[in-house]
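A short worksheet on the structure shown next.
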Amino acid sequence: MGQLLSAARERMARAAEKLELAAETVDRLDYPAETLAFSIPLRRDDGSLKQLKGWRCRYNSTLGPTKGGIRFHPSVSEDEVQTLAFLMTMKCALMGLPFGGGKGGVSVDAGDLSLMEKERVARGYVRAAARILSPDRDVPAPDVATGTQEMAWMVDEYGQIAGGIAPHAFTGKPVALGGIEGRTPATGRGGLIALEAVREQLGLEGKDSLTIALQGFGNAGSWFARAASEAGHTIVAVSDSSGMVSNDDGLDVEALVKAKKDGGSVTDYGDGDTSDDGIAIIEAECDVLVLAALGGVIADADDVKKLSCKAIVEIANRPVLPAADEPLREAGIDVVPDILANGGGVTISHAEWVQGRTGLDWDAEEVDDYLEEKMESAAGEVRDLMDEQGLDMRTAAYGVALKRLCAAISATGTADDFAG
Ligand code: NAD
């Protein structure tokens, strides 16, 4: 088993031990159900051929079809895909959705591809993974460096292979192709709902307006910034892969969106201090540090020493690694864990899947209501378990997920039932 997966499972084991869950049911979550590894031959625009590595993992499908994004990034590996599929298993269970956990990815630098090359990679991915994809088996969505455009190519390719239109085979599609209003903002908006719901647990209940530093200004991060700014919070620093911009008086989020769109980076914003180091944002003085870029940003005790925040919100998947858990606890910095904080994306993917399955469209208000209800309900369950068992927020979030998963796993019988 890979190191990333092994480290991620330690958090599950900690929660299982605290809640005294039956070992037999937790053991069933130890390994992925299946992982398909494949190559995607990419014909480049200059005529040359490049072989890309790709994976799709279905980690566990006890609660329903596996669900999870497809990532295009040079750091993608089998271990990372399996770890992210494990996290999706926990997240879908925590959010109370009828989905298991899956994930996929291609080891490629999307910034190095032309639009037509991206289309070839997206369609090549579906051809290679088609044997495990299906609307009732494994349902992908966007992730890092993929979005509505890639999902449009993918669902089209899937329909050609399956011999019919299957809008619920992919989520995060353009609205014109059976997507749902509000899917793109859902992860960021949901992150803010989660933050507000656990403010007391974070010790931030006294302040109307929080100061926020945000790493990553893509799909998830930019929508979190919009929602936070609309709610009256002050965004004091933002970074992307090109660098960071900060201003203690606050940054104008719509101007940041425009700077990113026009110049390619938030560093083109123009009014504030800039630096070319996107990682240095973790040192920014703020109430809440929101991590919405990649994994492994706060890796250990040395990283924790650099922090000047009171709390962390994990919008990205696994930005805080297990080796930093104890140092964070000692430093009194609480973390809203990824499986709760970014659960809004898969929640609205569920609404999109239901829409595709039934043929009945949801309107924007229904989508917003569903997001709010699901985020508040999951955060409420986490709060209750924290209080009942004296747990930190991440362990409680795993606990809520595990209770649901273990109840479903044990419904087909455990040693207690079969031992006579
Ligand atoms: P994205 O590709 O749209 O954005 C990623 C952002 O991170 C970009 O702004 C990029 O410039 C920035 N970035 C990359 N390296 C950086 C660095 N070293 N320093 C600072 N910024 C850096 O991706 P996304 O969809 O917004 O996803 C971001 C994270 O959120 C990922 O971990 C993803 O798995 C997670 N997530 C996303 C969704 C979703 O619906 N989009 C749902 C759940 C979880």
Side-chain angles (χ1 to χ4, degrees), residues 67-76 80-81 83-85 87-88 90-92 94-95 101 103-105 109-111 118 140-151 171-173 179-180 182-191 194 213-226 237-246 256-257 259-261 263-268 275-284 289-299 313-320 336-350 352 371 375:
K67 188 87 194 75
I70 296 171
R71 172 178 291 206
F72 290 175
H73 195 273
S75 71
V76 170
E80 185 187 73
V81 167
T83 306
L84 293 169
L87 282 180
M88 284 303 295
M90 295 296 144
K91 190 186 307 176
C92 292
L94 168 61
M95 298 308 299
K103 202 77 181 191
D109 182 355
K118 269 191 209 160
D143 196 77
V144 173
T146 59
T148 51
Q149 175 65 84
E150 286 73 16
M151 294 306 110
T171 61
K173 306 176 296 290
I180 197 163
R183 169 61 184 88
T184 306
T187 304
R189 283 187 188 159
L214 170 68
Q215 183 193 45
F217 204 69
N219 284 334
S222 64
W223 282 102
F224 181 95
R226 278 187 167 116
V238 167
S239 74
D240 62 18
S241 54
S242 302
M244 161 167 132
V245 56
S246 61
L256 280 169
V257 170
K260 176 104 182 154
K261 196 162 168 249
S265 169
V266 294
T267 53
D268 296 305
S275 114
D276 59 6
D277 183 0
I279 299 287
I281 197 161
I282 67 168
E283 297 170 27
L289 174 65
V290 179
L291 300 172
L294 294 169
V297 180
I298 313 287
V313 177
E314 292 186 314
I315 296 290
N317 286 308
R318 46 178 299 282
V320 175
V336 187
D338 45 12
I339 61 170
L340 173 64
N342 70 31
V346 69
T347 298
I348 300 310
S349 273
H350 174 243
E352 184 179 338
L371 179 66
M375 293 306 304

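Note: hydrogens, waters and symmetry copies are ignored here, and every other heavy atom, side chains too, is used. Indexing begins at 1, ligand by ligand and atom by atom, following the structure's order.
Under the side chain to side chain contact (heavy atoms under 4.5 Å, CB included) rule, Ile315 has a single partner from Leu291, Asp338, Val290, which is Val290.
Put simply, the side chain of Glu150 gets close to the backbone of Gly147: a donor and an acceptor are under 3.5 Å apart.
At a heavy-atom cutoff of 4.0 Å, ligand 1 is surrounded by Arg71, Asp143, Val144, Ala145, Arg183, Thr187, Gln215, Gly216, Phe217, Gly218, Asn219, Ala220, Ser239, Asp240, Ser241, Lys260, Gly278, Ile279, Ala292, Ala293, Leu294, Ile315, Ala316, Asn317, Asn342.
Nearest heavy atom pair, residue Ala194 against residue Leu340, reads CB-CG, 4.2 Å.
Residues that satisfy the salt bridge (Lys or Arg N to Asp or Glu O under 4.0 Å) test with Lys260, not counting sequence neighbours, are Asp240. The salt bridge (Lys or Arg N to Asp or Glu O under 4.0 Å) check on Arg189 picks up Asp368, with sequence neighbours excluded.
Counting only residues at least two apart or on different chains, the side-chain hydrogen bond (donor to acceptor under 3.5 Å, both in side chains) pairs with a member in residues 341-350 are Lys91-Asn342, Thr171-Ser349, Arg183-Ser349, Asn317-Asn342, His350-Tyr370.
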